[in-house]
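Chain naming here is simple, since letters A, B, ... match the order of the sequence lines and numbering starts at 1 in each.
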Number of protein chains: 2
Amino acid sequence: MATIYDVSFLAGVSLATVSRVVNNTGKVSDKTRQKVMDAMEQLDYRPNTIAQSLASNRSNSVGVLVSQLDGPFYGPMMREVESVLRAANKHVIIAAGHSDEAQEKDAVEFLLSRGCDALIVDAEIVSNDYLVQLCRGKTPVVLINRMVDGIAEYCVHLDNLKGGYLASRFVLDAGHRQVAYISGPLFKLDARERLQGHKQALAEKGIPFDEALFHEGNFIEEGGYEGMAKLLDSGKSFTAVVCANDQMASGAIALCLERGLQVPEDISFVGFDNIPFPRYISPKLTTVTNPIQSMGKMAANWVLQQVYDCRDAVFNHKFEPELVVRDSVAKLS
Amino acid sequence: MATIYDVSFLAGVSLATVSRVVNNTGKVSDKTRQKVMDAMEQLDYRPNTIAQSLASNRSNSVGVLVSQLDGPFYGPMMREVESVLRAANKHVIIAAGHSDEAQEKDAVEFLLSRGCDALIVDAEIVSNDYLVQLCRGKTPVVLINRMVDGIAEYCVHLDNLKGGYLASRFVLDAGHRQVAYISGPLFKLDARERLQGHKQALAEKGIPFDEALFHEGNFIEEGGYEGMAKLLDSGKSFTAVVCANDQMASGAIALCLERGLQVPEDISFVGFDNIPFPRYISPKLTTVTNPIQSMGKMAANWVLQQVYDCRDAVFNHKFEPELVVRDSVAKLS
DNA sequence: CTGTTAGCGCTTTCAC
DNA sequence: GTGAAAGCGCTAACAG
């Protein structure tokens, strides 16, 4: 692999000049530039980015921490992040936290020690204090899917409460009065917020929240499936189920179909997230959008702006969910 | 940020000694080691990985190229890759090729110039020649989902032909004789191989391949949906559809349900890949497994072994698909 | 077992 | 406009 020395020698100029044309910085005469370009071409020179990083104290890489790499949720977000960042020639280093505190912290350390110029973090477990500390650190950080007091300016998040409210409100407006709720794991903030939205919608209609119609799931299909079984077996009657995400809704619907229940004739369903798949199942799932792609893009652009001062986007902190009405809720009234 | 100098000064030892304890290489007396450890602790020293890389000519990072970051397919693979590699303290740098030749090449360049110690590549478009060239290069490469003559030892792939055969064979054995086929885009090798398996199964039963019952889709839901519409509208009759992946099968089934067709009573379906979601739709999709996770894990382990000489796994090149029988195929005979 | 000493390949003042 | 030279923080002979 040719080095900058080889190029400077071949072109008959100094190191500094080669560096200038490589980085397109400083003034270089056209003639010199051409000589350098030719030499680079001839040697198939490509800068050693490691050396660049060491010398310039910039790694040109940004670390992304998500809780999982699989599943329908983070893929679309990462897609946007990668796409924005690579267009700007920045590297994306990924790490997964797997919803485990030690792993999350470990991943952050890992990314930090890698010398990432910035971090995009979707942390589920670590404490607010830890995040505050992190944001106060030297490396710029943007937090996705989380709103932490005191560092709100680094947070990009969805109004989950409103989303939960919209979902439940829709079911209620359709005339349902006995509404079950399959929640995400309550150690996750978004799960708590969505539940809170549900309770708020209930309260507005003067319906008391009934613990017997509540199940704490895990945000994946299995959890919805099991939760639904529990709910059904409890003997409590209900005509609709609000699920804290689409994956659990799918699992729950699957169980209903297995037991010969019609959706939405016998039981209505609402989901959350608007992931791609449920559009293709029957009945099409009514749900609430979660603009995770936009959030990913926003985070990436913010990094670009803050760290590499390219572009200048307005930083939108709070994203609004919207109801997507499809076919899984029956009108009762 | 403390440097190795600070540590060596505080501990009263040389740079080399500090380096030795950091890397756990060479012999260091317990007493000295302890002094160094204390100093590191006290200074909250963390090695600068960029400098390490430059000096050791190793980046401790491996590049992963996939065609997309979203979708149900690559997530599980990346999950395994990340998990294996991070456990070994290696960084995972990702890039997406988006099924575009320029972008794929670009991504490879990108990863290479980053000084990745190895590459795990799922390239769909670039030519075999390009890949041969790449594999002959200095950086070790493992190719996923592709079998290229001459560099077979670097390939990890699925026997797609067999998979296609299994799917069609099952439908045929169930008594279906008019079988439509919704293919993946034929510029992709796996799509071609699966189709070939289909044709082989057909041939075994003495059934001629009928162009009118064939649709070239795009491996995503929309393609299945549209292909199904085309097939249905063509007026040709058929009792089963073999889809080259589950996503298209889902789209196709969705269209059937919209049109009031029963699955599998009116039309039977088989998919391919065994992605998580379709297990939760109705009817549960009969499909063929694609052990993409195992392939990811295998690739990562190979890298570990080859590049970092840890572990010693047997390198399994060819993975076998298996039929998963669920409820989407009706028995006709 | 420990220290000395060159670099790794590039950026970046500071002169000229 | 261009060049000289001093590092960036660490590894890896080599010597002792």
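- Atom CG of A:Leu15 is separated from atom P of D:dG3 by 10 Å (rounded to the nearest Å).
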Exercise. Go through the steps to decide whether A:Lys35 and A:Leu10 satisfy the test side-chain contact (heavy atoms from CB on, under 4.5 Å), and finish with yes or no.
Key: CA-CA 9 Å; A:Lys35 276 193 302 188; A:Leu10 215 189; over 6 Å; no
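- A heavy atom lying under 4.0 Å from DNA chain D marks none of the residues of residues 34-49 of chain A.
- Nearest nucleotide to the A:Ala51 side chain, out of D:dG1, C:dT2, C:dG9: C:dG9.
- Residue contacts shown for B:Val22 are absent, as no nucleic acid heavy atom lies under 4.0 Å away.
- When distances are taken from the side chain of A:Ser14 to each of C:dT2, D:dG3, D:dC10, the shortest belongs to D:dG3.
- Minimum atom distance to the side chain of B:Ala55 is reached by C:dG7, of the listed D:dG3, C:dG7, C:dC10.
- The residue A:Val13 sits close only to the backbone: its heavy atoms come under 4.0 Å of sugar-phosphate atoms, none of a base.
- Using a 4.0 Å cut-off between charged side-chain N and carboxylate O, B:Lys105 and B:Glu101 make a salt bridge.
- Atom-to-atom, CG of A:Asp6 to C1' of C:dC8 comes out at 14 Å; the value is rounded to the nearest Å.
- Nearer the 5' end of DNA chain D, as judged by each residue's closest nucleotide, is the contact made by A:Ala16, out of A:Ala16 and A:Tyr5.
- The interatomic distance linking A:Lys27 (NZ) with D:dG3 (P) rounds to 17 Å, in whole Å.
- OP1 or OP2 of C:dC10 has not a single side-chain nitrogen or oxygen of A:Ser19 nearer than 4.0 Å.
- Between A:Leu54 atom CG and C:dC10 atom P there is a gap of 12 Å when expressed in whole angstrom units.
- Electrostatic pairing of A:Arg146 and A:Glu124 does not count as a salt bridge here, judged by no charged N lying under 4.0 Å from a carboxylate O.
- Phosphate proximity of C:dT11 to A:Thr25: absent, as no side-chain N or O sits under 4.0 Å from OP1 or OP2.
- A:Ile4 has its CD1 atom 14 Å from the C1' atom of D:dA4, to the nearest Å.
- If B:Thr17 and A:Ala2 are placed on DNA chain C by their nearest nucleotide, the residue sitting closer to the 5' end is B:Thr17.
- For the pair A:Ser56 and B:Val28, nearest-nucleotide mapping onto DNA chain C gives the more 5' position to B:Val28.
- Of the N and O atoms on the side chains of A:Gln34 and A:Asp38, at least one donor lies less than 3.5 Å from an acceptor on the other residue.
- Rounded to an integer number of Å, the gap from CG of A:Asn57 to C1' of D:dG7 is 12 Å.
- Between the CE atom in A:Met295 and the CG atom in A:Asn145 there is a gap of 4.0 Å [rounded to 0.5 Å].
- In this structure, B:Arg58 atom CZ and C:dG9 atom C1' are separated by 19 Å, rounded to whole Å.
- Contact record, A:Gly63 with A:Leu111: CA-CG, 3.8 Å, taken as the closest heavy-atom pair.
- For the side-chain contact (heavy atoms from CB on, under 4.5 Å) criterion with A:Ile151, the lone passing option out of A:Leu134, A:Val132, A:Asn128 is A:Val132.
- Of all nucleotides listed (C:dT11, D:dT2, D:dA13), D:dA13 comes nearest to the side chain of B:Arg20.
- A salt bridge does not link B:Arg58 to B:Asp117: none of the charged nitrogens lies less than 4.0 Å from a carboxylate oxygen.
- If you take CG of B:Asn23 and P of D:dA13, they are 13 Å apart, rounded to a whole angstrom.
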